Each structure stands twice: as C-alpha cells, then as structure tokens.
Amino acid sequence: MITYSLSKRQARQFLLLHQRLVPGMLRRGKQSIYDYVRHVGCIQYDPLSIAGHNHELVLQARIPDFVPSMANDLLYKDRTLIDGWDKNMSIYCSEDWPYFSRRRKAAAARHQGDELLLRTIEQVREALDARGPLSSLDLEGKEKMDWAWAPARVTRAALETLYFRGEVCVHHRVHTRRYYDFTSRLLPEDLLNAEEPNPLPEQHHDWYVLRRIGSIGLQWNRSGDGWLGISGLKSKERTAAVERLLLTDSIREVRVEDVKLPLYMRTADVPVLETVLNGSAAAGGSSAIAVEEDGFAAVLAPLDNLLWDRELIRQLFGFQYRWEVYKPAAEREYGYYVLPFLYGDRFIARLEPVMNKKSGVLSIVRWWWEPGESLTAELIPAAAAAIAALARCNRAVSVTFAPEAVQSCGLSGLEEAVQLRYSSIQ
C-alpha cells in the first residue's frame, strides 16, 4: 500500500487544487460547471436564498463571471445536470442516473399499503399526462398526511413519491418551487434503460465511498457529514469498502502532520498531489505556488464541498465553521447566514451578506476577522474580486457595506474597491 506524508500546508494546497479554488483552473462558461460537478460527483442544493442558493454560491467561487442562468441551462435545457438525492438534496450529472437505481427501487417499496396515497399517485399521473409539467400547487386536494418533516397535502406527497421513485424529475424551478414532468420525457432512453452498474451491495458501497472521497478530495474513515446520505453504509460497511478500495489501489492513504487518523484520496488524483509535493506546474496552468501567493479569494457557500467535513477543516485549516441558520437566534455565535471568506490557503474572515431582491442591493451587514487577520493592501484586490463575484451571482445592481461593519473592522478600503470594481463590470 502506498502512503503519502504531507504537512498541513501541503494538505490544504492539495484540497484547494482539488476543489478548483485556485485561479485559472476553471474557465468561463457552462462547460466548466459541468466539468466541476463531474469531478466532485455532486454539489448540494438548498432552498434558502439569502444571498444566492447554495449551489450558486459553490459555483460563483470557482467559475469566472458565473451567473445562475448558466446552471439553470445545464439543469433544465441541456439536461446534462439533474436535481436528485446524493448528499441530501443535490445536483449531479445526468449520466449518473443508473447508479442511483437502488435508491429509486427502495423508494418504490415504501408506502405500498397506503391506499389513499396510491390512489392519489394515479390521479397525479393522469394530471401530468394531460397537463404537462406541474407543481404541487397545481394539484387539487386539501387532505393531509404525515410526510417527511411535517404534515403535507396528499397531492404533494404523491408527487414527491413519484419523484423519489424516479418516475418524474424536476422539469424547471420558479424560485424554489419545483415543477415536475415524467422522466421519460426529460432523459434519454438509453439512460432510463441502463442496468445498475453495481448490482451487488459491496460494489455499490465501493462506488459510493470512492465518490465521496472525490467529492471532498481528502476524507477519513470516521462518522461525519461527509458521509451523509449513503443509505445502508454504516461504519462497518464503510470500513470494509475502504479496505477493498485500498487493495485495488483505487484509493491511497495520506498521513498529515498532527492529524491522528489516516486520510484517503482517489488514486486518480495522485498527479495533483504530486504537483503539490514537487512544486511543479498543475493541471490547467496553475501551480501549487499559486495557492501560497494569496492571489485568490472567494466567498464560500455554507454547504461547499470543501466544508463537508467541518472537523477535518478545523484540523487542517484551523478554522471552525458552523452553519447557524437553523439555530435559535439566542444560540448563534455569529449570525443567520454567515459565509466563510477564503484567501490563499487560509480562512481569514466570515461575513453576513443579505440580498434585497426588491432594491437589487447586496449588503454586507456584518464582518468578523479571524484572529490575527485584518485588511491589508495586498488583500484588497482579491477580496474585492471575490465580493464582486458574489454580487454578480446575485445579479445585484450595487454593493453596500453596513457602516458599523466598515468602522469596527476597518473595511473602508475594501468597500471603495468593491464599488469601483463592480461598477466597472456591470
């Protein structure tokens, strides 16, 4: 078994290269969005949009000049990406559809004894057949049933049951509202008729563990959010899959200074790691040195792939991040929708942006520096570019900083630079 020994800095550099959080690794345009999703397997979707949806924030941190219409085209016109369940609600490549057939089969086996739900499912099929793409609000009926997180109308439960079974897919969204249509109308026949590539449970576990390691870049064999959403994969099954993947050299072990547990990486990603270890030119024209030069900054999504395992990020980056959106206000350490700010190979701050959809103004209402960090002349251009990218993603007409944040955090130079930069690219 091949084992690599890394410093924490080298581990951080590898992760940032793997996550395409280095300048020049991805070009403008839809193809880079697809390439990134293909590379990491999936990105998470979340319906909240305080300053952009989670998947949009993931992409604006990586894709130059990203705007949400690019992702919408791939999802609802080109259909090379699809809304589905992977790590909770996610977006993944449509070509992966056959790999999730066991999830759809498991969903089809549920609720078989619920006569009301089954009758309503048939009514929903008839409505879709007659009327085309529909949302749950387009379906009649007020009767409710226990469903997911809370009681829901039976018509909604029926429509979502068809979605989990794979009989319908998301045709398009209007804001967060999903409109569904028959999958047979949306995906090519060869995908719908493809056999399950991993018919045995062990094969499926191996595929999924390898996929999740690649979703992050480095991952350890311990319980955590990085493994969420893999049905039937408990600690025992996960350990067995890791051992099989090591034996076939599909993954390799990585030891990082002061990190007790071994980490694992895909063997396919070894060339990127060697770039870090050798300090040579990386794929796409970037280099490991570019990570160190602090020339790149990004506002990250709360559910960014880099942050999936928060404890791993704490140990490698010295940055502890919790998304406090579901915490009661009195229990929050920072705020409702607070995002990490990455600069080079370290997290230097966190900020709370709010997009006013009526006025078109993106406001940075609060800002917190990490210990020892402050605004410097070298930081301003990269930081201004990162906030301008966030504003573009939100289609903002302007960006403002709360006066108290400017005063208490010394952001006047940054505020001026953001306003100048964003006005020049609109």
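Remember, predicted model here, so these are calculated numbers, not experimental data. When a residue number appears, it is its place in the shown sequence, counting from 1.
- Looking only at atom types and distance, the side chain of E160 has a donor-acceptor partner in the side chain of W147 under 3.5 Å away.
- H39 has its side chain within reach of D269: a pair of non-hydrogen atoms, C-beta onward, lies under 4.5 Å apart.
- For the pair L306/I216, no side-chain contact is recorded, criterion being any heavy-atom separation below 4.5 Å from C-beta on.
- Taking 4.0 Å as the cut-off between side-chain N and carboxylate O, R211 and D96 count as a salt-bridged pair.
- Counting only residues at least two apart or on different chains, the side chain to side chain donor-acceptor pair (under 3.5 Å) pairs with a member in residues 162-172 are R125-E167.
- A cation-pi arrangement, defined by a distance under 6.0 Å to the six-membered ring centre and an angle within 45 degrees of its axis, is present between R350 and Y334.
- Judged by distance alone, the side chain of S101 and the main-chain N or O of W97 form no donor-acceptor pair under 3.5 Å.
- A donor atom on one side chain and an acceptor atom on the other are found under 3.5 Å apart for R178 and Y180.
- Between the D78 side chain and the T80 main chain, no donor and acceptor come within less than 3.5 Å of each other.
- Within the 3.5 Å criterion, the main-chain N or O of G214 finds a donor-acceptor partner in the side chain of H18.
- Looking at R252, its side chain never comes within 3.5 Å of a backbone N or O of D249 through a donor-acceptor pair.
- In this structure, L162 and F182 have side chains that are not in contact, with every pair of non-hydrogen atoms separated by 4.5 Å or more.
- A donor atom on one side chain and an acceptor atom on the other are found under 3.5 Å apart for Y36 and Q19.
- Residues satisfying the salt bridge (Lys or Arg N to Asp or Glu O under 4.0 Å) test with R173, not counting sequence neighbours, are D83.
- Q219 places no side-chain N or O within donor-acceptor distance of the main-chain N or O of S215, the cut-off being under 3.5 Å.
- Partners of Y336 according to the ring pair (Phe, Tyr, Trp, His ring centres under 6.0 Å) rule, which considers only residues two or more places apart in sequence or in another chain, do not exist here.
- Comment: E404 does not engage R366 in a salt bridge, judged by the lack of any side-chain N to carboxylate O separation of less than 4.0 angstrom.
- N198 is listed as a side-chain neighbour of E196, based on a closest heavy-atom distance under 4.5 Å.
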